[in-house]
Amino acid sequence: MLALLGLAMVVVFTYMIMSKRMSPIVALTFIPIVFAIAGGFGDSTGKMILDGLKMVAPSAALLLFAILFFGIMIDTGLFDPLIRVILKKVNGDPVKIAVGTALLSLTVALDGDGTTTYMITCAAMLPLYRRIGMNPMILATVSMLSLSIMSGMTPWGGPATRAIAALGLDASEYFIPLLPTMAAGAACVVLIAYILGRKERGRIGNTELQTGGGDCYIKEILGDQPYKRPRFVWINLLLVVAVMTALVMGIAHAAVLFLIGFVIALMVNYPQLDIQKERILSHAGNAMTVVLLVFAAGVFAGIFSGTKMVDALAQSIVDMIPPSWGHLFPLVVAITSMPLTFVLSNDAYYFGVVPILAKAAAAYGISPLEIARASILGQPVHLMSPLVASTLLLVGMVDKDIGDFQKATVKWAVILSLVITFVAVITGAISFMV
């Protein structure tokens, strides 16, 4: 009975999200409450919700301060020197332009936000693509693949944050074993960019820009915003390196590190209180929306777990899987995450499906950390989906049709997913034998 109730809740939740009849925040909160009451758990629903909120609170704090920290770094123009160097180096060589696109988008995507990544990358590189007649689909493909690695795998990016929140995991324990996989994924993106650039060079050749690579053109691309702090670029860079180093070393919880980094960045770059308030407000909308989503996920996870629906569903799955296949569970999750995340939104997959997979895997002695890591390895394919709002923005910015984008990208997305899955297995981020 509980298994059927849990399955019905997941199906209804997924339908409401996919059909856009409810927003993710409303669906994550309202649907589990209704099913909890319908299942006879009305008296304990409040306690289950509080337990769920406590479980996701560290993840919500991490996401909030990571978005604010990287938002401030972008405001200050920390990445402008990199953009300037890339524009000077690439000039009119399609290979260099494609690789430069990869390096830029990989860097900008560290803030975890797809909209920011696409807007900055397209603003910097699209004029150059158009100037020499280079296919902007390469820009879209490389940017999307970069985002799938840097935002898809980092604990402050959307997919991983959802997985961590849904399973109640520690962000550092999840992330550090994935660093070799992430590095391999970034290298693969650069290699794909090189291959695409070589093909484009064969089509249009090299173009020697007389003004396109000059300071005047670069200044026009970068702009001159009053909030940029070029004199503090080295201080800001050291701050980012210090925060990321402390994160890898596990000196403190990731939320604490990003909070400290954010506060220091504010004090150093914007000591005036009115400017501090303005900069915070400029990023508050995006940050608050995501944080609310995480807390709503806590409601869903708290009820799903507290009613034992997830346990009943997991046991049903275990009963259907031959015992000899148990050691393959993380690999199965990694492979199936490609089609599942393409047809499901991240909310539906990570809050509805992943907890069930984690409970089922636990029966074979597999840690939920491995299931969380495996579940994000299909993100390159997920970002091709028309369900992803930032992908629609990207396609619009390069003036292409979503169908054409998918045809041009699907091969590279699948290859990238398979590469990072292979690296995750050989480095032990996910196990092949238990």
Side-chain angles (χ1 to χ4, degrees), residues 86 90 93-110 114 117-118 121-122 125-126 129 134-154 157-159 178 180-204 334-343 346 374-388 390-425:
I86 289 173
V90 301
D93 184 347
V95 174
K96 292 180 179 179
I97 291 174
V99 172
T101 301
L103 296 175
L104 176 60
S105 54
L106 285 167
T107 302
V108 179
L110 270 172
T117 300
Y118 295 150
T121 305
C122 289
M125 303 303 294
L126 188 56
Y129 276 71
M134 193 170 169
N135 185 2
M137 195 68 81
I138 295 175
L139 169 61
T141 299
V142 172
S143 299
M144 185 274 288
L145 296 177
S146 298
L147 182 68
S148 71
I149 297 298
M150 306 309 285
S151 175
M153 302 181 75
T154 52
L178 269 179
T181 304
M182 191 172 173
C188 185
V189 171
V190 174
L191 177 60
I192 291 172
Y194 175 81
I195 294 172
L196 294 174
R198 289 270 299 184
K199 291 182 178 179
E200 196 68 355
R201 179 196 280 171
R203 186 179 72 87
I204 64 175
I335 298 299
T336 58
S337 69
M338 286 188 273
L340 286 176
T341 57
F342 181 82
V343 300
N346 274 340
S375 69
I376 54 87
L377 298 177
Q379 281 300 301
V381 175
H382 165 73
L383 286 178
M384 295 167 43
S385 172
L387 298 174
V388 182
S390 61
T391 298
L392 299 178
L393 169 68
L394 174 64
V395 172
M397 291 187 74
V398 298
D399 196 24
K400 295 294 181 180
D401 180 75
I402 184 69
D404 294 335
F405 171 75
Q406 290 172 339
K407 290 177 184 177
T409 308
V410 60
K411 175 176 71 174
W412 304 113
V414 171
I415 288 174
L416 181 57
S417 286
L418 293 176
V419 167
I420 59 178
T421 298
F422 174 75
V423 175
V425 170

As an exercise, state the distance from [atom1] of [X] to [atom2] of [Y], rounded to the nearest 0.5 Å.
| X | Y | atom1 | atom2 | result |
| --- | --- | --- | --- | --- |
| I376 | I420 | CD1 | CD1 | 6.0 Å |
| K96 | R201 | NZ | CZ | 8.0 Å |
| L147 | Q379 | CG | CD | 8.5 Å |
| M137 | D399 | CE | CG | 10.0 Å |
| T141 | N135 | OG1 | CG | 8.0 Å |
| M153 | L178 | CE | CG | 4.5 Å |

Residue pair [X] / [Y]: nearest heavy atoms and the distance that separates them:
| X | Y | answer |
| --- | --- | --- |
| L139 | M125 | CD1-CB, 4.1 Å |
| T341 | H382 | O-ND1, 2.5 Å |
| I138 | M134 | CD1-CE, 4.1 Å |
| A140 | F405 | CB-CE1, 3.8 Å |
| I149 | M182 | CG2-O, 3.6 Å |
| M144 | A413 | CE-CB, 4.5 Å |

- [ ] Applying side chain to side chain contact (heavy atoms under 4.5 Å, CB included), run through L383 and L394 and close with a yes or a no.
- [x] CA-CA 11 Å; L383 286 178; L394 174 64; over 6 Å; no
Table please: side-chain donor-acceptor pairs of residues 98-106 below 3.5 Å, with sequence neighbours left out.
| unit_1 | atom_1 | unit_2 | atom_2 | d |
| --- | --- | --- | --- | --- |
| T101 | OG1 | I97 | O | 2.8 |
| T101 | OG1 | Y129 | OH | 2.9 |
| S105 | OG | T101 | O | 2.7 |
| S105 | OG | A102 | O | 3.2 |
| S105 | OG | S146 | OG | 2.7 |

TODO: Could you check L377 against L418 for side chain to side chain contact (heavy atoms under 4.5 Å, CB included), going step by step and ending with a plain yes or no?
DONE: CA-CA 8 Å; L377 298 177; L418 293 176; over 6 Å; no
Task: Check: T117 and S151 side chains under 4.5 Å, non-hydrogen atoms - done: no
Open item on the list: Tell me whether the count of non-hydrogen atoms from other residues, nucleotides or ligands lying under 6.0 Å of CZ in R198 goes above 12.
Closed with: no
